[in-house]
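Worksheet for the structure shown next.
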Amino acid sequence: MSEADSVASQPDNANVYDPAAMQERWLPVWDELAPFRSGDPEDPRPSKYVLDMFPYPSGDLHMGHAEAYALGDVIARYWVQRGFNVLHPIGWDAFGLPAENAAIKRKEDPAVWTYENIATQKASMRRYACSFDWDRVLNTCDPEYYRWNQWLFLQMYSRGLAYRKDSAVNWCPTDQTVLANEQVVDGKCERCDSVVTKKKLNQWYLRITDYADRLLDDMSQLEGQWPEKVLLMQRNWIGRSTGANVDFAISGRDEPVTVYTTRPDTLYGATFFVVAADSELAAELAADGPAEVEFAEYLETVKKASDIDRLATDRPKTGVFLHRYATNPVNGEQLPVYASDYVLADYGTGAVMAVPAHDQRDLDFARAFDLPVRVVVEADTDPAVTGEATADDGIHVNSGPLDGLGKEEAIKSIIEQLSAQDGGDTAVNYRLRDWLISRQRYWGTPIPIIHCSTCGEVPVPQEQLPVKLPPAEGLDLQPKGSSPLGAATDWVNVACPSCGQPAKRDTDTMDTFFDSSWYFLRFLDPHDDAQAFDPDQARKWLPVDQYVGGVTHAILHLLYARFFTKVLHDMGLVEVVEPFARLLNQGMVQMDGSAMSKSRGNLVRLSDELDVHGVDAVRLTMVFAGPPEDDIDWGDVSAAGAKKFLARAWRLSGDVTSDPGVPAADGDMELRKATHRLVNDAQIAVDSHRFNVAVAKTMELVNATRKAIDSGCGPVDPAVREAVEAITVMLSLVAPYTAEDMWSRLGHQPSVARAGWPVVDEALLVQDVVTCVVQVQGKVRARLEVAPDISAADLERLALAADPVINALEGLEIRKVIVREPKLVNIVAS
RNA sequence: GCGGGAGUGGCGGAAUUGGCAGACGCGCUGGAUUUAGGAUCCAGUGUCGAGAGACGUAGGGGUUCAAGUCCCCUCUCCCGCACCA
């Protein structure tokens, strides 16, 4: 009995795949080596920035994190293997409501809960073998971070990009509290079920609408690099439309009222006029008129019911006639003015000209209020009869000078006419609103403004930053419509920096989206206490080459980060105008067809999976399950299977009997060709983010190597070592523990993470025989082994001579032969 | 309603420019080895058919020597927006 046999038949610990032991062995080694440290200024490698969306520290990591970080890690580790200095940082998005709610429940400072969770997640990330640069960790709730939030806010303030105004917020009259949109369920308070109303508060805004055009236009840079879906969602969110403003004189009012329309060409079809019920204009037009009482009642019902009814589709149109008339500027017609909630107060000017024939909403209203419908664009059907407004292009009628024109010409013509009489012009409108950043909550960045009765709003001087949060102790964190910080009297009362008189701090905190809008810049040096970030470092690292995260942030976070980048560009601090060159939205991890949740009873705990299958098997399962942007159903995939494969690969490293450094050129050619072809395939797959395919190629190579050892060239052949070393490096992207252990068993020093991607020898990619398929009538009848450089004529001759082809052609006459040498011949016969 | 994406074996999924459909894996079947196996190794596995063969990428039509891939129509599912004038 040979020694190898005895090992195989009596497995001892040295030859058993043991993930827990590997974790034990390699984690301390990696801590020591820090193979992913990226901060050496002398590092000669070209740089790349791979960024995972940073987590919210609400408990331990879950399966969703495991997927996202597995994918980000493949990318980061791949570029390290390809010889890049990869910046792959992590931090925590640590401010926000969940911490505050947990604090209220546990009656302790939100910081305690937050830092506990950060420690837990950090330990899990280490175990999960994320290739993060641990020198660059940041927490947004640390003063050394939010200090620069405040600095940025003041920069924006001085540039006129941060301002205060009154605005309506969701208000629960029972709980006396402001509610976030997420806390409003079906128009009702999620806690007490009372109907949510609106309340006016004076709040801080960022003027993102100033950047609407650039946010839209710069998306051309992202085309093909970001998911099309995300770009589309952003476009819709910004919602740019072009049309015209048209002035209408209103009876009993000095100033005309401007309306915005995308169809000024239908102006002759206007038969009434509508103002938003909840607009100031409506209140003004109703005041002291015959409709005053009716309007007041209507407004009450609108305010009460709006959020509930918003969700109803096809809700009937309601409104109040205000006993006023608007004058159509082109024909002098008197149009009755209505107030209705189908017109939005905060879009356009809050007033519209109603053209029922060509706008469905106007038509619905006209039918409800028995108002005339006048067709001004020819169509096959009559809206007054069908109840369907026609919105297509067509020839204009009943439109005076516009008669006979098409849509575009008519628009051009009417705008010329209006601007000539100074009654209107082209106009652009956006759905995007300015960004409300005020939060009346404790656990966020204090807004660095001091309110002085004589000086007004006074920015906190830079040398006084950060404005630190006062201790939570003694403060009532329950939401009540004003910030808990208001009760911290020692903190609130300060001397005005400008005049020295007693003044008060602003007590609002910032939306946490502010924190995450620039964190990718802070990673360049999270501990720099002289500046938010170093513009030279930004020049070196930006833009982020690859951003990885969930599609949940498709709009807000990504839009805000793009906005900040443009502001910083305008300040001369960054060169780029777009922060994230490429975006990958990973799918979600589900269980049995639906999102995992405790209440549904289908929650899979990451730590349990790691205990049972090992870190590498879980990571491999995530990566191999399918395309990264697809959802994974954990019930459909097999972490046990992944572990089995890893063990199979790992055993190869124990079978290699040649020494490290043996010249591969002397090895078995068949295996060598397989190795180089599959490494090449895997490389192409990783480059195009088809990680599941890259894993499949690695599996093929494992199978080929197993076969070569058992029934081919044998374990001592140098080609076996070459193949197993290639497998090890390929696996290092997905299964770092297994790969490190294999690398060591192969006689190398750690870390395999820096071993370098195998160099593909192009010469080994050329095949000396290829299989040619011979089809008759499109059906495969024969396969020929031919030289890759065979001539078309030779191939045709060979094909026609093959027995199955001759049989298939019996009784038929050849019409045409298509030859695509060297892979295919198709014979057409009849 | 509007917009977008997707339908391939029992399952997850592969498939340069149109050129062998089902790579790789899970599951299953059989075999070898084993005291044992949730270990390992080997073989098989789209459907129908005993077989040759026929059929087969949601359904229907089309272009082509050739279609999962291109064009038209229909169905189903998922996602986003939802009175934005």
Side-chain angles (χ1 to χ4, degrees), chain A residues 8-9 11 16-17 227-233 235-237 239-241 243 259-264 266 274 276 309-315 317 340-344 346-355 358-362 364-365 391 429-433 551 554-555 620-621 624-627 629-645 647-648 651 681 684-685 688 690 692-703 706-707 710-711 771-783 815-820 823-829:
Chain A
S9 59
V16 170
Y17 179 75
E228 193 51 42
K229 179 185 170 184
V230 172
L231 294 177
L232 204 88
M233 284 166 75
R235 276 193 197 101
N236 291 340
W237 188 261
R240 179 164 66 190
S241 78
V259 302
Y260 172 73
T261 175
T262 53
R263 291 296 302 272
T266 62
V274 190
D309 282 4
R310 276 266 153 101
L311 300 168
T313 53
D314 266 356
R315 66 191 264 252
K317 293 283 184 287
S340 173
D341 66 349
Y342 87 88
V343 172
L344 305 175
D346 57 355
Y347 182 77
T349 59
V352 302
M353 65 177 211
V355 184
H358 307 298
D359 182 285
Q360 191 60 46
R361 298 151 302 180
D362 295 344
D364 293 342
F365 191 89
N429 250 293
Y430 305 89
R431 296 178 59 175
L432 183 69
R433 306 291 145 76
V551 73
I555 300 177
L620 179 67
T621 305
F624 184 54
E629 45 291 297
D630 286 6
D631 291 344
I632 298 171
D633 195 306
W634 200 246
D636 287 341
V637 294
S638 171
K643 184 178 177 181
K644 222 165 85 180
F645 161 72
R648 189 172 144 84
R651 279 194 300 275
D681 287 355
I684 291 167
S688 51
R690 285 145 54 237
N692 54 329
V693 179
V695 171
K697 299 297 178 186
T698 312
M699 288 171 165
E700 280 192 63
L701 186 52
V702 168
N703 292 342
R706 179 82 265 153
K707 199 166 237 165
D710 291 349
S711 55
T771 304
C772 174
V773 175
V774 185
Q775 299 176 328
V776 177
Q777 312 288 58
K779 296 200 159 102
V780 181
R781 296 297 176 184
R783 283 159 219 276
R815 296 268 168 228
K816 200 201 265 189
V817 179
I818 289 105
V819 181
R820 291 282 177 275
K823 306 269 285 194
L824 180 122
V825 177
N826 192 7
I827 300 158
V828 186

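Note on naming: letters A, B, ... go to the chains in the order of the sequence lines (proteins, then strands), and numbering restarts at 1 for each one. Just so you know, these numbers use all the heavy atoms, side chains as well, and skip hydrogens, waters and symmetry mates.
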Take atom [atom1] of [X] and atom [atom2] of [N], then tell me their distance rounded to the nearest Å.
| X | N | atom1 | atom2 | value |
| --- | --- | --- | --- | --- |
| A/L824 | B/A67 | CG | C1' | 14 Å |
| A/K779 | B/G19 | NZ | P | 18 Å |
| A/R263 | B/A85 | CZ | P | 12 Å |
| A/K643 | B/G38 | NZ | C1' | 10 Å |
| A/N703 | B/C24 | CG | P | 7 Å |
| A/R820 | B/U16 | CZ | P | 18 Å |
| A/R651 | B/A39 | CZ | C1' | 8 Å |
| A/I827 | B/G19 | CD1 | C1' | 14 Å |

Review point. Counting just side-chain N and O atoms, does A/Y342 come under 4.0 Å of either OP1 or OP2 of B/A85?
Key: no
Please determine whether a side-chain nitrogen or oxygen atom of A/K823 lies at a distance below 4.0 Å from atom OP1 or OP2 of B/G19. no
Assigned chi class of B/G53 under the 90° convention is anti
For A/D710, give me all partners under side chain to side chain donor-acceptor pair (under 3.5 Å), at least two apart in sequence or on another chain.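 Side chain to side chain donor-acceptor pair (under 3.5 Å) check on A/D710 returns A/R706.
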Is it the case that A/K317 places NZ or CZ above or below the six-membered ring of A/Y342, under 6.0 angstrom from the centre and within 45 degrees of the axis?
yes
Counting side-chain heavy atoms from CB outward, which of [options] is closest to [X]?
| X | options | value |
| --- | --- | --- |
| A/T771 | B/C20, B/G19, B/C41 | B/C20 |
| A/V693 | B/G25, B/A14, B/G80 | B/A14 |
| A/V828 | B/U40, B/A23, B/C65 | B/C65 |

Classify [X] by what it touches in the nucleic acid, base, sugar-phosphate, or nothing, heavy-atom distance under 4.0 Å.
| X | result |
| --- | --- |
| A/S241 | sugar-phosphate |
| A/Q775 | base |
| A/R235 | nothing |
| A/R690 | sugar-phosphate |
| A/K697 | nothing |

Would you say the side-chain atoms of [X] and [Y] include a donor-acceptor pair closer than 3.5 Å?
| X | Y | value |
| --- | --- | --- |
| A/R690 | A/S688 | yes |
| A/Y430 | A/S241 | no |
| A/R820 | A/N826 | no |

How far, in whole Å, is [M] from [N] if one measures between their [atom1] atoms?
| N | M | atom1 | result |
| --- | --- | --- | --- |
| B/G9 | B/G46 | P | 13 Å |
| B/U17 | B/U64 | C1' | 15 Å |
| B/G18 | B/G68 | C1' | 11 Å |
| B/C55 | B/A66 | P | 15 Å |
| B/C26 | B/C73 | C1' | 38 Å |
| B/C70 | B/G7 | P | 11 Å |
| B/C79 | B/G13 | P | 16 Å |
| B/U47 | B/A23 | P | 13 Å |

- Query: If you find the nucleotide of RNA chain B closest to A/V780 and the one closest to A/N826, which residue's nucleotide is nearer the 5' end?
  - Reply: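 Of the two residues, A/V780 wins.
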The residue, A/K707 or A/Q777, whose nearest nucleotide of RNA chain B is more 5′ is A/K707
Contact string for nucleotides 1-13 of chain B, one letter per nucleotide 5' to 3', B = base within protein heavy-atom range under 4.0 Å, S = sugar-phosphate only, - = neither, reads --SS------SBS
- Message: Using modelled atom types and a 3.5 Å cut-off, is there a donor and acceptor pairing between side-chain atoms of A/N236 and backbone atoms of A/G239?
- Response: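 No, because the side chain of A/N236 does not come within donor-acceptor range (under 3.5 Å) of the backbone of A/G239.
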For RNA chain B, the expected dot-bracket line (Watson-Crick or G-U under 3.5 Å, [ ] crossing, | inter-strand) is (((((((..(((......[....)))((((((.......))))))(((....)))..(((((..]....))))))))))))....
Item to complete: Kindly give the heavy-atom pair with the smallest separation between A/V343 and A/G350, and that separation in Å.
Response: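 Shortest heavy-atom separation between A/V343 and A/G350 comes out as CG1-O, 3.6 Å.
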